[in-house]
Amino acid sequence: MERDKRSCVARCVEMGGKLVLVESGDERIYQLDSPEKALPFAGQKVRITGTVHKNEITLQTIENIN
């Protein structure tokens with residue numbers, strides 16, 4: 001199932017879709033300054049560090065937490 005999520009997200013991005021982070025709990029949606037860094041983690045639960053400005057995150061690190 002996880003592979004299907006990743007494949008689906010990757011395909012959407014290839015077709016011009018935007019990769020975003022959805023925060024669990026309150027479901028806030030954030031744009032990512034470097035979505036190419038996050039693409040390998042698409043469809044997974046992750047922990048990130050970075051700087052938030054309005055609704056965009058400047059990504060510093062990303063790691064899988066599954």
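Position 1 is the first residue of the sequence, and the numbers go up from there.
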Identify the heavy atoms of Asn64 and Lys45 that sit nearest to each other, and give their distance.
OD1-O, 3.5 Å
Name the atoms and distances for all side-chain donor-acceptor pairs under 3.5 Å in residues 8-23, with sequence neighbours left out.
residue : atom : partner : partner atom : Å
Glu23   : OE1  : Tyr30   : OH           : 3.4

Of all heavy-atom pairs linking Pro40 and Gln44, the shortest is O-NE2, 3.4 Å
In residues 50-62, what donor-acceptor pairs under 3.5 Å come from side-chain atoms, sequence neighbours left out?
residue : atom : partner : partner atom : Å
Thr61   : OG1  : Thr49   : OG1          : 2.4

